[in-house]
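Scroll down for the structure; my scribbles are underneath it.
To find a chain, count down the sequence lines: A is the first, B the second, and so on, and within it residues start at 1.
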Amino acid sequence: MCHGATKNFAGLMVARFFLGVGEAAVAPGFGLITSMFYTRKEQPLRQASWWMGNSFANIFGGLVAYGIGSITNPSVEHWRLLFLILGSITSAYAIVLFIFLPDSPSQARFLKEQDRQVAVNRTLENKTGFMDMETFVFAQVWDASKDPQLWLLFLYTVSVNFANGGLTSVSSNSPTASSLNH
Amino acid sequence: MSVLSSLPDSTVEKVLTNAKLECIATNTNKSIEVGQIVITEVSTADSKRVLHKIDYCIIPLMGFCYMLQYMDKLALSQGTLLGLRKDLVCFGLVSCRLQGAMADSLLSSTSKALNTPGAPLSSTLDISFGVGPAHTSSSNSPPVNTSLSPSSFGEPSSCVMVLPRTSLD
C-alpha cells in the first residue's frame, strides 16, 4: 500500500524493499506447510496447485489493473489507486490467513481433534519432523549458514531473480511487443 | 528407538508438554519421548477423507494468497502504464534505459529501438548518470515529461534517444 504514497524513485524502492521482505516468507512458508500436510507422493501436485495462484495473478492482474485504470476522475492518480486497492486487499487477506492457515497439522482449525491425529499420522512416513517446539534455535541458523549448498542455492536464486525482477517490472511495456508496432 | 505398532486404530491421544511428546494409548499407558516414532493404523477411508479436507482448505488459502502476492508484484509493472513513470520521473528514466538494454538481450539482433551495437551498453551505463540531474530537479522538467507521455510509453526508441539530452539540460 505504501507504494501509493511514494513521491520519488527512492521512496518507491524503499516500499519495494519492504514488500520484498514481506513476501520473502510466502513461498518457502507455503512449501513448508505443504510438506507438513502431505506425504512425499502427494506433495508435487499440491505444491503446483498453490503455485497456480501465480498464473491466476497473470490472468487477472492485467484485468484488475485495466479496471482500476478506467476509473474516471479518481482523487489520486491511477497508479497510486492500483497500489492502494491491491495492497488493502492483501492486507485484509493477511488476517484471514492468520486465523485459518495452520502452523502444523496438529493446529489445523478446520480439522476435528480426531482428524488432526489422522493428519499427523498420515505424514509420519515423511520423517520431515513437524513437532514444532516453538523455539527458534540460533545454532541451527549458524549451522545452515555454513552449508555451501545453501549459498549456491542463494547465488542461483539471486542471479535468476535479478533478471526476473527486471523483466517483470517492465513486462507491461515489453520492448518485444512495442517494437513489433514499428 | 522403540516402535509401537500394535496400537489399535487412531485411538492415540497426544499431549504436548514443553519438551516431551507423551502418547497415551487408551489401553496402554506408555509415555513416549520426542523423536520416537509411533505407528498407528488409520483406515484408508479416514485418511482419504482427511486428505480431501486438507486439500479443500489449505490449497485455496495458499493459492489465493500467492495470487495476491504476485498481483502486488505485478502492480509496479502495470503502474508504469497508469502514469507512475510520469509522476516519479526518475523511475521512468531508469526503466526506459533498462528497457532498452533488455530489448537487446531479449532480441539477439539489435532491434530498431537501438540502432548501433554500442547503444545498449551506453544506455545501461548511463543509468546513474541520467538519474542524478533529473532526480534533483524533479519539479520542472517539462521535456522529460513530454517525452514520457503515455502515448510514447510503448516506444523505447524515443525514450532512449531523447532522454540523455533532456536530462542533462
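In terms of hydrophobic clustering, with Ile, Leu, Val, Met, Phe, Trp and Tyr side chains grouped at heavy-atom distances under 4.5 Å, A/Ile68 and A/Tyr66 are assigned to different clusters. B/Tyr66 and A/Phe100 fall within the same hydrophobic cluster, defined by Ile, Leu, Val, Met, Phe, Trp and Tyr side-chain heavy atoms under 4.5 Å apart, directly or through other members. One hydrophobic cluster holds both A/Leu97 and A/Ile95 under the rule that ILVMFWY side chains link at heavy-atom gaps under 4.5 Å. Using a 4.5 Å cut-off between side-chain heavy atoms of Ile, Leu, Val, Met, Phe, Trp and Tyr, with links allowed through other members, A/Ile99 and A/Val96 fall into the same hydrophobic cluster.
The aromatic rings of A/Tyr93 and B/Phe64 sit perpendicular, their planes meeting at an angle over 60°, well past the 30° parallel limit.
Within residues 137-147 of chain A, no residue has any heavy atom under 4.5 Å from a heavy atom of chain B. Within residues 50-60 of chain A, the residues having any heavy atom closer than 4.5 Å to a heavy atom of chain B are A/Trp50, A/Trp51, A/Gly53, A/Asn54, A/Phe56, A/Ala57, A/Asn58, A/Phe60, listed by residue number.
Using a 4.5 Å cut-off between heavy atoms, A/Leu82 touches chain B through its side chain atoms alone.
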List, one per line, each side-chain donor-acceptor pair under 3.5 Å for residues 50-63 of chain B, sequence neighbours excluded.
unit_1, atom_1, unit_2, atom_2, d
B/Lys53, NZ, A/Asp115, OD2, 3.4
B/Asp55, OD1, A/Tyr38, OH, 2.7
B/Asp55, OD1, A/Arg46, NE, 2.9
B/Asp55, OD1, A/Arg46, NH2, 3.4
B/Asp55, OD2, A/Arg46, NH2, 2.6

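Between B/Leu68 and A/Leu86, every side-chain heavy-atom pair lies at or beyond the 4.5 Å cut-off. Side-chain contact between A/Val26 and B/Tyr70 is absent, with no heavy-atom pair separated by less than 4.5 Å.
Of the possible donor and acceptor atoms, none in the side chain of A/Gln47 sits under 3.5 Å from a partner among the backbone N and O of A/Pro44.
By the side chain to side chain donor-acceptor pair (under 3.5 Å) test, A/Thr90 pairs with B/Asp72, sequence neighbours left out.
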